[in-house]
Amino acid sequence: MQIAQVIVNNNSYQTDKLFDYEIPTDLFRKVKRGIRVMVPFGNGNKRLEAYVLNVIESNSRNSKLKKVLAVIDEEPILSEDQLRLVFWMRNQYLCKYIEAIHCFIPKSMVNKERKKITLLDHSWEEVLPSSQKKLRNIITTLQALGGSAYLDLLMQHIDYKEINESIKVLLEKNIIDIKYELNSKINIKTEQYVRIKIEEEQWQPIISSLKRAKKQKILLEMLKEVKEISVKELLERSNTSRSSLNSLQEKGYIEYIDVEISRNPFGDKKFDPFYKFEPNEEQKKAIDQISASIKNESSETYLIHGVTGSGKTEIYLQLIEKVLKKGKQAIVLVPEISLTPQTVSRFMGRFGERIAVLHSNLSDGERYDEWRRILRQEVDIVIGARSAIFAPFKNLGMIVIDEEHEHTYKSEQTPRYNAIHIAEYRSHLENSVLVLGSATPSLESYHRAIEGDFTLITLKNRAMKSNLPTVEVINMAEEFHHGNTSIFSTELLKAMADTLSNHHQTILFLNRRGHSSVLSCKACGYTVKCQYCDITMTFHSAEKRLKCHYCGNVKNIVKSCPECHSEEIKYAGIGTQQIEDLVKVNFPKAKVQRMDMDTTSRKGAHEKILESFKHQEIDILIGTQMISKGLDFPNVTLVGIISADTTLNLPDFRAAEKTFQLVTQVAGRAGRGLEEGKVILQTYEPNHYSIVASTHHDYESFVKDELMIRKEFHYPPFANLLLLNFSGKNEKQVYAIANSVATNMKYILYSEGFKELDAILLGPNPSMISKIKESYRYQILLKDIGIPFSLLKKAVKYLLIDNRSKYIPQGITCTIDINPLSII
DNA sequence: AGCACGCCGACT
DNA sequence: GTCGGCGTGCTC
């Protein structure tokens, strides 16, 4: 007997195991590893979609096994390599099978069965005594919904919870009918085509028979030429109507067929060709070195550390050309497509049609189309954000991860994977080259390069022979002592004036949106906080309202303090909106544009701003970290960093690294053309090692200092971290649960012989933001100091996965984050 | 996740 | 008594 071992499409820890089903003989040949099937599941034999992870042969006849009902796919939806990745991910990230599987499959492909309840035409009034109020209520609700409704919709209209019982009673009484409908969101977009069915020798008699049907004759003659054409096009070209075509079909001369087409997410957008250019010495060396691995199909990892403007993109482009020549495919990851439109357009401009683009604001349908294009091998290159690492290429030659230090490569939802981590494993599985690139590599990657895991390639010079900009640090404390209370230092204002008069462009950077992030009472110190989150509300001057940046809650501004009724309200914590206002006051004639989440939420707004900046319709561009990467505008000669301290002061072990990266990246926007660039960096901590290093563009010295600190305090790359997050509405309960997990954890580790637990387990502590959307948050941090990381993971798996129901009650959410990028 | 079963307080 | 809410345990 053949048995399929499947994972059912249920996102629950309790069903996260392989279930055995008998494969009926007629499905023997169709059921394979990686295919989807329908199976009966549970007491009611609810039909569920399931993924076949194994097919085994069993000698003993187990009559208790249920049978596979049907297969969904012709071909496996998950390849052998992808299956291997699924198993690996579950182990690595302690996630469920189904969570790993869903990474590989677009949402719109997942089938879910919905219960549809239909009222039958019976005189239910007689059958149901009027005392049965509940049942009658269900029926009247059903009538109001038009006689039939899906169960979930029906439940929204009825406020008691035990609806299933009543549904069952109604079904027994034959008052309603239940149907299961597959809520398949598969939306292969098709277009109707016609195909001619007439053989050559039949042609003459048929044509003569159509003497009186002029239009039909025209249609047939056109079809004879092209054999197959879309209905729409045919009708347009022939100037005929559908009815003529229909009568041809009735006579059997033609047939209609549905042909799959793709929606193009880029519409008719044309990309300027981006011509290949001759690489300089450094670039050429890098290309040659990596090409060798592409040629040998060795799964080597390269880390390209190249200063801003060193032409990393051109290296990627030329390497991809080599990959394509070998008949292989390439994946390019960029931090966030919408933030790097220039990079994307260069790829499109060089390679044209055979690229699929996966960015975060594609609709489900568009995402599905791109995925299909990849699967049908219509593209050779995928360029996309984090999730593009799962692109279903069959012959992968290379993975490029640009700006590899970016935190967006780490998923914020379970499974909390790191795309670099996945890329490493995937390149290993599929013998493809992995190329990481950054002007400011993450300490993890750089450390691994030093250790010899990655091959380091350094680019010291800018490709266009321009120099790196000079960076001038302004001590804002001194500025203040000299009587300048403005947020702009004298130097910055002067430099902005100079740049304006030279008709060059300025970028001002501040990593905080809104107008003011803190409103507080001068008299009693009260600060306005969100009622749902433990966070101060930010004043937005455009809407003249207060917004919570965590839950989106909006409040009117407070004119007087709700505590002491003082009317002295202080607006502190400067954001980009306020900068914009102040710039306009200081430079009334300058054309100023702000670019942050608030000005770019509309589709296409992003490109529009960059386009007008490119055409020099903007003198001063003000923005958040959105402007820190990928922008390449030669006329920008001044970059002003309003405050480097916002990131520096975060209570996170990566604060210094983030600051160095951000400052270096932003500074890199200046002086990319013929003119020298200048950066003015304002800070209250001019002597901090990350500030000093970034002013000298000295990555190596920063890394040296930072690595020493990381080693001393046992942080990555010298330790692995495991963060457990607990949240729930009842603060006391959240703490109690977190505490019991911590206690049990300590007990397990202690009994394994590890006595120094204070360094290994920290917490539970309230999270940095202790409340978000009315949920209280606590966390436990685990570090592998003097203990194998695998053992920590094993203990976590035992407590929070294998015995989850014992430790985590309903109402408490607990997430596991392996090597989080941030522990705040 | 969904569903059945069984316990228990709150009502006609 | 019994209705309905809620916790528990199971699904090949």
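The chains referred to below are lettered A, B, ... by the order of the sequence lines, with proteins before strands, and numbering in each begins at 1. If you're wondering where the values come from, they're calculated on a predicted model, not measured in any experiment.
Each of A:Asn43 and A:Lys96 has a nearest nucleotide on DNA chain B; the 5'-most of these lies closest to A:Lys96.
Side-chain contact check for A:Asn45 and A:Lys66: at least one donor-acceptor pair (N or O, by modelled atom type) lies under 3.5 Å. Defined by atom type and a distance below 3.5 Å, a donor-acceptor pair is missing between the side-chain atoms of A:Tyr776 and A:Gln733.
Remark: A:Asp758 CG is loosely packed, at most 12 non-hydrogen atoms of other residues, nucleotides or ligands lying under 6.0 Å away. Taking a 6.0 Å sphere around OH of A:Tyr750, one finds it holds 12 or fewer heavy atoms contributed by other residues, nucleotides or ligands.
In this structure, A:Asn803 atom CG and C:dG9 atom P are separated by 12 Å, rounded to whole Å. Protein atom CD of A:Gln14 is 14 Å distant from nucleotide atom P of C:dG7, rounded to whole Å. Straight-line distance from the CD atom of A:Glu49 to the P atom of C:dC12: 17 Å, rounded to whole Å. A:Tyr51 places its OH atom 19 Å from the P atom of C:dC12, with the value rounded to the nearest Å. If you measure from atom CG of A:Asn10 to atom P of B:dG2, you get 7 Å, rounded to the nearest angstrom. The NZ atom of A:Lys17 sits 13 Å away from the P atom of C:dG9 (whole-angstrom rounding). Atom CD1 in A:Ile7 sits about 15 Å away from atom P in C:dT11, given to the nearest Å. When the C1' atom of B:dA1 is taken as reference, atom CG of A:Leu151 falls 13 Å away, rounded to whole Å.
If you check distances only, the side chain of A:Gln5 never reaches the base of C:dC12 with a donor-acceptor pair under 3.5 Å.
The listed nucleotides are B:dA4, B:dG2, C:dT11; the one nearest the side chain of A:Phe41 is C:dT11. The side chain of A:Lys46 has B:dG2 as its nearest neighbour among B:dG2, C:dC12, B:dA1.
The shortest distance between the side-chain N/O atoms of A:Gln810 and the OP1/OP2 oxygens of C:dC6 is not below 4.0 Å.
The side-chain contact (heavy atoms from CB on, under 4.5 Å) with A:Leu792 is formed by just one residue from the set A:Leu721, A:Ile818, A:Ile760, A:Leu761; it is A:Ile760.
Across all strands shown, A:Tyr21 has heavy atoms under 4.0 Å from sugar-phosphate atoms exclusively, and none from any base.
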